Amino acid sequence: MKLTVVGCSGSFPSAESACSSYLLEADGFRLLLDMGNGALGELQRHCGLYDLDAIALSHLHADHCIDMCGYFVARYYRHEGGRCAPLPVWGPDGTERRLTTAYADTPTDSSMSEVFDFRTLTPGSTFETGPFTVRTALVRHPVEAYGFRITHRDTGRVLTYSGDTGPCNEIDALAAGADLFLCEASFTHGKEDIPELHLNGLQAGQCAERAKARKLLLTHVPPWTDPQANLRDAKAAFPGPVELARAGAVHEI
């Protein structure tokens with residue numbers, strides 16, 4: 001598996017990165033995890049607009065899904081080659097309604113579903129797409145939000161993506177033994193303490209240690225958070241390899 005960080009900024013884009021979006025590839029199949037602010041433009045550095053095979057949205061906050069509105073335009077109004085066939089999109093209940101409302105002027109109330117095949121995530125469910133088996137868990141966030149455990153069926157390699165979450169047993173279970181744990185680290189230890197919203201660097205490291213993950217990749221660091229402080233705190237809790245996600249970086253799993 002190959003993971004490309006399309007965007008990794010939390011809450012809003014930074015000067016260096018779009019918001020959350022991660023391209024996972026294996027066996028010629030491309031699965032996109034989230035498509036936040038600015039991600040659609042950056043995605044085109046890594047693959048063609050029409051080369052995705054599936055999308056999974058962890059939750060419906062704008063910094064994880066809002067560029068789906070622009071992607072709707074690209075797929076719905078494509079004249080050369082004709083309108084795109086519906087692309088599988090997994091998301092929380094109400095994803096189609098949320099994106100249609102955000103776009104605000106689709107030709108009809110069902111236009112989104114003409115180019116996106118919406119499929120509803122449920123807690124603890126499993127689905128297969130291309131060479132991947134994806135297991136979900138409902139995590140701790142103010143809206144319905146999911147973490148993903150993605151296994152490549154032929155190799156058994158595992159990527160866990162936390163999405164946005166506060167500390168919880170569910171994300172620990174998803175990350176158990178993961179080859180790469182892509183984990184949010186939005187807050188700074190000792191600064192923010194808001195229950196069931198986000199992790200700080202120390203908590204991300206503690207989670208990776210409890211899960212015995214092989215490698216920790218910190219992401220979703222907002223522009224107002226010092227990433228080096230979070231990296232230091234994560235390393236204090238997790239003895240394995242720890243890196244900060246960087247837009248454009250590629251990780252082999």
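The structure displayed is predicted, hence computed values, not measured ones.
- Both Y146 and F127 are members of a single hydrophobic cluster when ILVMFWY side chains are connected at heavy-atom separations under 4.5 Å.
- Residues passing the ring-ring contact (aromatic ring centres under 6.0 Å, His included) test with F187, sequence neighbours excluded: H198.
- Taking the charged nitrogens against the carboxylate oxygens, K235 and D233 have no contact shorter than 4.0 Å, which rules out a salt bridge.
- Contact between P92 and L121 at its shortest, heavy atoms only, is N-CD1, 4.1 Å.
- Sorted by first and then second residue, the ring pair (Phe, Tyr, Trp, His ring centres under 6.0 Å) pairs with a member in residues 227-253 form an empty list; sequence neighbours excluded.
- Partners of E196 under the salt bridge (charged side-chain N to carboxylate O under 4.0 Å, His left out) rule, at least two apart in sequence or in another chain, are R140.
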Practice item. Report the C-alpha separation of S162 and T165 in whole Å, then their side-chain angles, then the decisive distance to 0.1 Å, and conclude whether the side-chain hydrogen bond (donor to acceptor under 3.5 Å, both in side chains) test is met. Key: CA-CA 7 Å; S162 69; T165 183; over 6 Å; no

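- Side-chain heavy-atom separations under 4.5 angstrom define the hydrophobic clusters, and the remaining members of the one that includes W224 are F12.
- Salt bridge present: K2 and E25 bring a charged side-chain N and a carboxylate O closer than 4.0 Å.
- In this structure F148 satisfies the ring-ring contact (aromatic ring centres under 6.0 Å, His included) test with no other residue, sequence neighbours excluded.
- Qualifying salt bridge (charged side-chain N to carboxylate O under 4.0 Å, His left out) partners for R157, counting only residues two or more places apart in sequence or in other chains: none.
- Take E114 and apply the salt bridge (charged side-chain N to carboxylate O under 4.0 Å, His left out) test, not counting sequence neighbours, and it matches R83.
- Taking the ring-ring contact (aromatic ring centres under 6.0 Å, His included) definition, one finds that Y77 meets it with nothing, sequence neighbours left out.
- Just one of T133, T129, L3, V134 meets the side chain to side chain contact (heavy atoms under 4.5 Å, CB included) condition when paired with I150; it is V134.
- Residues in residues 141-155 take part in these salt bridge (charged side-chain N to carboxylate O under 4.0 Å, His left out) pairs, two or more places apart or across chains: E128-R153.
- Within the structure, side-chain hydrogen bond (donor to acceptor under 3.5 Å, both in side chains) pairs that include any residue of residues 49-58 comprise D34-S58 (at least two apart or interchain).
- Nearest heavy atoms, C8 versus A245: SG-O, 3.6 Å.
- Applying the side-chain hydrogen bond (donor to acceptor under 3.5 Å, both in side chains) rule to pairs touching residues 212-222 yields Y22-T219, D63-H220, H64-H220, D164-H220, S186-H220, E209-K212, K215-E243, sequence neighbours excluded.
- Among residues two or more places apart in sequence or in another chain, the ring-ring contact (aromatic ring centres under 6.0 Å, His included) test is passed with H61 by H59, H141.
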